[in-house]
Amino acid sequence: MVARKTDDRQRPPAETLYFEELEALRRTDKAPKPPGWRLSLRAVETFILGGDGRPAKIVCARSLIERAMVTLATSRALLLIGEPGTAKSLLSELLAAAICGESTLTIQGGAALTEDQIKYGWNYALLVSEGPTPRALVPAPLHRAMSGGKIARFEEITRCPAEVQDGLLSILSDRVMAIPELGDEAMVFAAEGFNLIATANTRDRGVNDMSAALKRRFNFETVFPIRDADEEMALVKREAEKLLLRSGVPAPPEDDVLEVLVSCFRELRSGVDGSGVAIERLTSAMSTAEAVSVAHAIGVRGHFLRGDRGRPEDIVECLAGAAAKDNPEDLAKLRRYLEQRAGARKGDAWRALHAARHLLTV
Ligand SMILES: Nc1ncnc2c1ncn2[C@@H]1O[C@H](COP(=O)(O)OP(=O)(O)O)[C@@H](O)[C@H]1O
Ligand SMILES: [Mg+2]
């Protein structure tokens with residue numbers, strides 16, 4: 001694990017970003033640890049859910065974190081399922097960073113994913129000159145996780161071809177990966193600490209398409225959007241503030257602007273407006289992650305375009321690109337929301353939002 005104090009990477013991995021916090025937890029961690037783990041379950045939980053004055057890195061039920069950790073300490077793999085933008089990837093990154101100190105053994109699922117990208121490939125120059133030797137083998141994330149006793153992450157697992165998914169079966173049940181090119185006996189046995197966290201979006205090709213055999217090797221955990229409005233507001237503010245600082249913007253948008261933004265997202269997601277009236281839900285996922293990125297964009301617009309902290313009309317400018325991605329009808333719904341629902345609300349920020357509705361053109 002490499003600690004870097006000044007880091008110009010746009011997004012350092014969690015083990016770098018929270019290096020000092022993880023080290024401090026390690027030093028004081030007296031609770032028992034599962035074999036191969038760097039921290040106890042209690043310390044992992046503190047890392048993710050905060051405590052001692054530190055805010056939570058993930059807003060979710062404690063029981064979700066507990067079940068996720070318990071799964072990872074058994075021989076079952078963990079599958080996090082949910083709508084896009086509910087922090088599934090972030091949760092898997094934080095768990096991996098805390099449990100094994102490395103969150104970058106990551107496979108990105110997709111239609112073109114092949115087995116050599118998850119297990120091992122070859123250095124072609126060496127393969128040609130000396131044939132398939134251990135030296136010529138280039139380990140891919142699963143190989144490295146197994147031999148190092150680490151957590152591998154498999155993002156969007158349901159998007160990858162069935163034969164790649166099938167390739168996981170023997171690894172997850174027998175905890176061994178055969179390397180037939182190196183001989184009949186060549187195998188990588190998983191070291192203690194090895195396990196897999198996969199994520200899947202409910203909007204993508206379904207979890208139902210996974211084979212029954214593979215499903216059986218996972219425990220499924222559903223990750224829900226943040227239930228409490230105040231917690232979501234606080235998170236959006238905190239995250240936007242961090243992102244804005246990295247973008248050179250000193251202060252996040254004012255609270256009333258952020259409140260309007262978070263309310264819009266919550267209402268369009270749930271289909272109920274602030275006074276309990278049913279409204280049309282958008283088909284696009286109005287996730288917390290999208291709300292954070294709109295808050296970020298609002299701050300950037302304000303600071304760099306005008307020298308202020310972002311205004312309600314910036315919300316309108318940003319909403320179309322964030323909210324109406326999947327479906328042109330969403331744009332019409334959004335327009336009706338701004339016209340009717342925002343118009344009925346009290347407060348300067350809502351009034352300004354309503355007044356800016358004409359900016360919603362695509
Ligand atoms: N419950 C939550 N706790 C913390 N951050 C959240 C939560 N829900 C959404 N976010 C925001 O979403 C971002 C992560 O989204 P991501 O992990 O990519 O979602 P997913 O993988 O579910 O699509 C976080 O950086 C954070 O800004
Ligand atoms: Mg994700």
Side-chain angles (χ1 to χ4, degrees), residues 9-14 16-18 45 47-51 54-65 67-68 78-98 103-104 106-110 113 151-160 196-205 207 220-247 252-253 258 261-262 264-266 268-270 284-300 318 322-323 325-326:
R9 283 177 283 185
Q10 281 198 331
R11 194 181 180 291
T16 308
L17 198 56
Y18 301 112
E45 187 177 295
F47 175 65
I48 294 175
L49 291 180
R54 285 208 184 85
K57 296 180 183 67
I58 301 267
V59 177
C60 69
R62 186 164 296 269
S63 57
L64 169 68
I65 305 291
R67 284 195 306 268
L78 174 67
L79 179 61
L80 301 171
I81 322 163
E83 295 268 298
T86 45
K88 300 179 296 298
S89 300
L90 178 63
L91 176 56
S92 80
E93 180 185 357
L94 293 173
L95 282 167
S103 67
T104 54
T106 306
I107 301 153
Q108 178 61 53
L113 191 76
I151 303 276
R153 297 170 51 203
F154 203 137
E155 290 282 326
E156 324 255 343
I157 191 170
T158 52
R159 291 184 54 216
C160 72
L196 180 72
I197 309 177
T199 64
N201 274 323
T202 38
R203 305 233 167 183
D204 285 331
R205 215 187 76 197
V207 172
F220 287 33
E221 287 296 341
T222 306
V223 183
F224 294 101
I226 301 175
R227 187 131 35 105
D228 185 83
D230 294 339
E231 279 193 293
E232 186 170 9
M233 167 71 192
L235 180 96
V236 169
K237 184 173 177 181
R238 203 159 63 226
E239 292 297 308
E241 195 164 8
K242 272 195 260 175
L243 293 172
L244 284 164
L245 276 179
R246 282 191 167 261
S247 306
L258 286 180
L261 166 69
V262 172
C264 288
F265 271 75
R266 290 182 68 85
L268 291 163
R269 180 198 306 154
S270 64
S284 313
M286 299 297 287
S287 67
T288 310
E290 288 282 2
V292 168
S293 78
V294 170
H296 183 189
I298 292 171
V300 167
C318 299
K325 278 183 205 159
D326 298 347

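Residue numbers count from 1 along this sequence. All ligand and atom numbering here is 1-based and tracks the order in the structure. Just so you know, these numbers come straight off a predicted model, no measurement behind them.
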Identify the protein heavy atom lying closest to [atom], giving its residue, its atom name and the separation to 0.1 Å.
| atom | answer |
| --- | --- |
| atom 18 (O) of ligand 1 | Ser89 CB, 4.0 Å |
| atom 19 (O) of ligand 1 | Ala87 N, 3.1 Å |
| atom 23 (O) of ligand 1 | Gly85 N, 2.7 Å |
| atom 22 (O) of ligand 1 | Lys88 NZ, 2.6 Å |
| atom 12 (O) of ligand 1 | Ala289 CB, 3.2 Å |

Min heavy-atom dist Cys60 to ligand 1 below 4.0 Å
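So Cys60 does not count as touching ligand 1.
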Pull out every atom of ligand 1 sitting under 4.0 Å from any heavy atom of Pro84, numbered as shown with elements.
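That gives atoms 23 (O) of ligand 1.
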Need the ligand 1 atom indices (1-based, order shown) with element for anything under 4.0 Å from a heavy-atom of Ile58.
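Heavy-atom distances to Ile58 below 4.0 Å select 3 (N), 4 (C).
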Counting only heavy atoms from other residues, nucleotides and ligands, does the tally under 6.0 Å from CZ of Arg227 exceed 12?
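Counting other residues, nucleotides and ligands, CZ of Arg227 stays at 12 neighbours or fewer.
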Would you indicate whether the side-chain heavy atoms of [Y] and [X] approach each other to under 4.5 Å?
| X | Y | answer |
| --- | --- | --- |
| Cys60 | Val223 | no |
| Ser287 | Glu83 | no |
| Lys88 | Asn201 | yes |
| Thr288 | Val59 | no |
| His296 | Leu244 | yes |
| Val236 | Phe265 | no |
| Leu64 | Leu91 | yes |

Do you see an N/O/S atom of Ser89, backbone or side chain, under 2.8 Å from the Mg ion (ligand 2)?
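Here the distance criterion (N, O or S atom, under 2.8 Å) is met by Ser89, so yes.
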For ligand 1, which part of [X] has a heavy atom less than 4.0 Å away: the side chain, the backbone, both, or neither?
| X | value |
| --- | --- |
| Val292 | side chain |
| Leu235 | side chain |
| Leu90 | both |

Any carboxylate oxygen within less than 4.0 angstrom of a Lys/Arg side-chain nitrogen, looking at Glu239 and Lys242?
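Here Glu239 pairs with Lys242 in a salt bridge, since their nearest N and O are under 4.0 Å apart.
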I'd like to check whether Val59 has a polar contact with ligand 1, where a contact means an N/O of the residue lying under 3.5 Å from an N/O of the ligand.
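The answer is yes, given that Val59 and ligand 1 share an N or O pair closer than 3.5 Å.
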Checking the N or O distance criterion of under 3.5 Å, is ligand 1 in contact with Lys57?
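Not met; the criterion fails.
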Among Met286, Arg269, Glu232, whose side-chain contact (heavy atoms from CB on, under 4.5 Å) with Pro225 holds?
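So the option named by the test is Arg269.
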So between Glu231, Glu239, His296, whose heavy atom ends up nearest atom 26 (C) of ligand 1?
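Looking at heavy atoms only, Glu239 sits closest to atom 26 (C) of ligand 1.
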